Amino acid sequence: QVQLVESGGGLVQPGGSLRLSCAASGSIFSINVMGWHRQAPGQQRELVASISSGGSTTYADSVKGRFTISRDNVKNMVYLQMNSLKPEDTAVYYCNANRVVMRTGTDKFNSWGQGTQVTVSS
């Protein structure tokens with residue numbers, strides 16, 4: 001079993017910053033790509049940023065230059081530093097691990113956390 005737990009969401013004013021964290025737990029050997037997705041009310045879930053085990057990153061155009069994704073492979077954690085937040089960044093943010101190699105030798109695909117709410121409002 002793989003469990004992903006997000007933290008760090010909250011209410012922030014426009015222009016402010018938040019740092020999201022996601023901890024992966026279980027009998028994990030390695031994790032391939034980890035990412036952050038978000039879903040606003042009435043909208044589809046979208047990819048915000050992703051990072052490979054080697055540190056290669058991708059970002060949605062809407063967050064480039066404002067958000068930074070990073071990870072700690074030893075702690076099995078991924079972070080999202082969000083700066084210059086806008087009201088349109090308001091959403092539930094979900095952590096994802098696309099492929100987790102377990103110490104048992106099995107793979108777990110497409111694991112999700114429960115989400116953390118980010119609200120940007122004055």
Side-chain angles (χ1 to χ4, degrees):
Q1 282 278 27
V2 175
Q3 187 176 17
L4 301 178
V5 179
E6 302 98 335
S7 61
L11 173 65
V12 64
Q13 293 186 341
S17 298
L18 282 175
R19 188 188 192 220
L20 305 183
S21 299
C22 172
S25 62
S27 186
I28 297 170
F29 178 74
S30 65
I31 303 175
N32 189 3
V33 177
M34 299 188 78
W36 289 95
H37 299 243
R38 66 186 181 188
Q39 187 167 20
Q43 298 188 20
Q44 290 188 332
R45 192 173 296 189
E46 63 174 355
L47 174 67
V48 175
S50 65
I51 184 167
S52 71
S53 57
S56 296
T57 59
T58 61
Y59 295 93
D61 287 343
S62 58
V63 306
K64 283 181 181 176
R66 299 189 297 122
F67 291 10
T68 302
I69 189 170
S70 60
R71 65 188 284 176
D72 184 327
N73 290 332
V74 174
K75 296 181 179 179
N76 290 324
M77 294 196 68
V78 64
Y79 308 96
L80 186 68
Q81 178 66 43
M82 304 185 294
N83 299 328
S84 303
L85 282 160
K86 304 175 181 180
E88 51 264 43
D89 295 318
T90 296
V92 178
Y93 284 70
Y94 297 91
C95 176
N96 173 267
N98 79 328
R99 178 184 175 218
V100 180
V101 180
M102 308 300 289
R103 294 188 183 279
T104 57
T106 60
D107 292 354
K108 302 293 185 183
F109 293 95
N110 208 26
S111 300
W112 291 93
Q114 292 298 309
T116 184
Q117 176 71 47
V118 172
T119 302
V120 185
S121 175
S122 55

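In this text the structure is predicted, and so the values were computed from the model without any measurement.
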Partner residues of [X] under the side chain to side chain contact (heavy atoms under 4.5 Å, CB included) criterion, sequence neighbours left out:
X	value
Val92	Tyr94, Gln117
Ala40	Gln43, Ala91
Asn96	His37, Asn98, Asn110, Trp112
Asp107	Arg99, Val101, Phe109

Mind jotting down which residue pairs meet the disulfide bond (SG atoms under 2.5 Å apart) criterion with at least one end in [range]? Sequence neighbours excluded, please.
range	value
residues 24-67	none
residues 42-122	Cys22-Cys95
residues 38-85	none

Query raised in the report: Do any pairs count as a salt bridge (Lys or Arg N to Asp or Glu O under 4.0 Å) and have a residue in residues 113-122, sequence neighbours left out, and if so which ones?
Result: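 Pairs touching residues 113-122 that pass the test: none.
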Requested in this report: Please go through Tyr79's hydrophobic cluster and name the other residues, only I, L, V, M, F, W, Y counting, with side-chain heavy atoms under 4.5 Å joining them.
Outcome: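 Met77, listed by chain and number.
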Query - Residue list, side chain to side chain donor-acceptor pair (under 3.5 Å) with Thr104, at least two apart or on another chain - result: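 If we apply the side chain to side chain donor-acceptor pair (under 3.5 Å) test to Thr104, skipping adjacent residues, the hits are Thr106.
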Report task. Scan residues 4-32 for pairs that pass side-chain hydrogen bond (donor to acceptor under 3.5 Å, both in side chains), counting only residues two or more places apart or in two chains. Result ->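 Residue pairs passing side-chain hydrogen bond (donor to acceptor under 3.5 Å, both in side chains), neighbours aside: Ser17-Asn83.
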Which side-chain N or O atoms in residues 57-68 pair as donor and acceptor under 3.5 Å with protein atoms at least two apart or in another chain?
from, atom 1, to, atom 2, distance (Å)
Thr58, OG1, Ser50, OG, 2.5
Tyr59, OH, Ile69, N, 2.9
Asp61, OD1, Lys64, NZ, 3.1
Ser62, OG, Arg38, NH2, 3.4
Arg66, NH1, Ser84, O, 2.9
Arg66, NH1, Asp89, OD2, 2.8
Arg66, NH2, Ser62, O, 2.8
Arg66, NH2, Asp89, OD1, 3.0
Arg66, NH2, Asp89, OD2, 3.4

